[in-house]
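Before any comments, here is the structure.
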Protein chains: 2
Amino acid sequence: MAGTGVAGMTPRRATYRHGDLRRALLDAGTTLARRAGPEAVVLREATRMAGVAPNAAYRHFADRQALLAAVSAAAMAALADAIEAELAEVKASGPKRRARARLRAVGVGYVRFARAEPGLFRTAFSVPADMATATDPAKAGATSLLTPFQLLGGTLDELVAAGAMPVARRPGAEFLAWSAVHGLAMLLIGGPLRAVDETGVAAVVDRLVGMVERGL
Amino acid sequence: MAGTGVAGMTPRRATYRHGDLRRALLDAGTTLARRAGPEAVVLREATRMAGVAPNAAYRHFADRQALLAAVSAAAMAALADAIEAELAEVKASGPKRRARARLRAVGVGYVRFARAEPGLFRTAFSVPADMATATDPAKAGATSLLTPFQLLGGTLDELVAAGAMPVARRPGAEFLAWSAVHGLAMLLIGGPLRAVDETGVAAVVDRLVGMVERGL
DNA sequence: CGATTATTGTGTACGGTGTCCACAATGGCA
DNA sequence: TGCCATTGTGGACACCGTACACAATAATCG
């Protein structure tokens with residue numbers, strides 16, 4: 001029954017086999033997520049974009065949730081890349097100054113990404129951490145091998161090493177810093193701060209980072 | 001055609017009119033949201049609970065999104081109530097001490113609610129602020145007339161009045177404090193901190209509040 | 001090499017959802 | 001008392017996720 005080639009059946013694609021359907025579905029899902037967030041990641045639509053029957057997806061993902069988890073992991077990796085890019089820009093010299101600049105860079109990169117790609121950002125955090133795919137980052141197309149969380153932890157370590165932060169305060173500090181930055185990002189997309197413009201954002205981020213540094 | 005009473009048609013309900021369907025749907029939606037978050041707020045299921053045909057909902061809500069927005073508003077009001085309850089517990093005396101205790105109470109109430117009612121909490125923030133229903137709070141069954149955001153702003157004002165915070169720092173400070181608390185709540189439900197127990201939570205909250213006070 | 005088997009994609013089908021339409025029952029008002 | 005706006009009903013449609021059986025290909029093994 002399946003496209004027995006009887007007559008006028010236009011095949012979806014030249015070859016029966018796709019080549020790399022898994023990747024194609026992931027890319028399609030990412031496009032959808034970018035456009036309109038996690039709820040827009042629709043299985044049937046993804047297969048349509050890949051030029052394949054709906055059920056083909058089940059050869060690569062257990063269900064819609066699994067696809068979404070994969071897309072989410074990719075989005076998280078994209079966030080990590082954005083942060084690393086911002087870190088790479090830091091030119092400040094002198095240990096303390098540099099460490100502080102790098103902490104700020106993490107915050108800026110984080111918030112910038114959230115504003116530039118709200119759909120991906122929301123998708124990254126739409127999957128509870130205990131269900132996130134544990135696939136290796138490279139598989140998800142990530143440049144960075146570290147999670148955003150780990151990147152933040154790294155800059156805090158630098159802060160301690162530079163003597164800009166008491167060692168005693170270090171354990172668990174990443175949770176506090178993360179809270180502040182993540183919360184700000186949420187307020188900036190869809191929250192009370194959604195109307196703030198680019199320069200306003202920069203100001204708030206600076207103030208927030210200041211608060212974190214002093215407060216930690 | 002509609003239940004012409006011809007024969008064995010068991011009517012859904014004694015009377016044709018419902019009485020207060022809007023409220024019934026809102027309650028049903030809230031129950032669903034409490035159970036499993038915003039995506040569980042399903043129109044048909046809500047009408048089923050209310051003992052009414054699916055389309056009856058459209059006499060009270062434009063579409064599913066409108067129902068969700070109303071439920072979201074109710075959830076936000078519940079959060080405000082939780083915070084007010086925590087504020088009411090504060091016994092500290094002396095202006096500064098009291099102001100600080102009240103700031104802490106806001107944070108504790110906020111986080112407690114997020115942990116106790118993750119479904120409602122997520123639902124409260126699932127609707128972008130620009131689409132939130134502007135219905136008056138009383139209509140949503142709220143005790144408090146203020147939003148969580150306004151409650152936080154109030155305690156910051158008290159902090160300034162008590163001389164525990166420089167006036168110059170006040171403008172916009174609620175955004176920073178809010179960021180921190182909201183971000184922490186997110187990490188606690190579904191994020192890296194989801195496994196922390198009650199006492200652990202108290203510790204983190206205290207530390208976070210400390211950071212905010214010092215940092216602001 | 002050729003036959004067998006594992007993998008991957010297809011069609012069909014089912015229950016569930018949101019929403020549109022025309023119609024029926026009711027309550028309030030003239 | 002009779003009309004009419006309001007509120008609920010049933011049917012229909014398109015879309016979604018997913019289960020099942022089957023077909024087309026690639027890989028493997030004799």
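So you know, we letter chains A, B, ... as the sequences are listed, proteins then strands, and number each from 1.
Residue whose closest nucleotide on DNA chain D sits further toward the 5' end, between T15(A) and P54(A): P54(A). Along DNA chain C, the nucleotide nearest Q65(B) and the nucleotide nearest A57(A) are compared for position; the residue whose nucleotide lies closer to the 5' end is A57(A).
One can place CD of E39(A) at 14 Å from P of dC16(D), the figure rounded to the nearest angstrom. Taking atom CG of residue D20(A) and atom P of nucleotide dT8(C), one finds them 11 Å apart after rounding to whole Å. Distance OH (Y58(B)) to P (dT17(C)): 12 Å, rounded to an integer number of Å. Taking atom CG of residue L67(A) and atom P of nucleotide dT18(D), one finds them 10 Å apart after rounding to whole Å. Rounded to a whole Å, the CD atom of E45(B) is 10 Å from the P atom of dG18(C). L68(B) has its CG atom 11 Å from the P atom of dT19(C), to the nearest Å. Atom-to-atom, NE2 of H60(A) to C1' of dT18(D) comes out at 16 Å; the value is rounded to the nearest Å. Atom OH in Y16(B) sits about 10 Å away from atom P in dA24(C), given to the nearest Å.
In this structure, CD in E39(A) is found 9.5 Å from CG in L68(A), a value given to the nearest 0.5 Å. Taken to the nearest 0.5 Å, the CG atom of L156(A) stands 11.5 Å off from the CZ atom of R102(A). Here the CZ-CG distance, from F113(A) to D81(A), works out to 9.0 Å after rounding to the nearest 0.5 Å.
In this structure, F149(B) and W178(B) have perpendicular ring planes: the angle between them is above 60°, well past the 30° mark.
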Can you check side-chain contact (heavy atoms from CB on, under 4.5 Å) on T47(B) and L21(B), steps first, answer last?
CA-CA 9 Å; T47(B) 59; L21(B) 182 53; over 6 Å; no
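Donor-acceptor pairing under 3.5 Å, judged by distance alone, is present between the side chain of R44(B) and the base of dG18(C). Remark: the R59(A) side chain and the dG9(C) base include a donor-acceptor N/O pair separated by less than 3.5 Å. For a distance-only test at 3.5 Å, the side chain of R17(A) qualifies as a donor-acceptor partner of the base of dT7(C).
For R13(A) and dA24(D), the shortest distance from a side-chain N or O to OP1 or OP2 is not below 4.0 Å.
The side chain of N55(A) lies closest to dT10(C), out of dT10(C), dG18(C), dT9(D).
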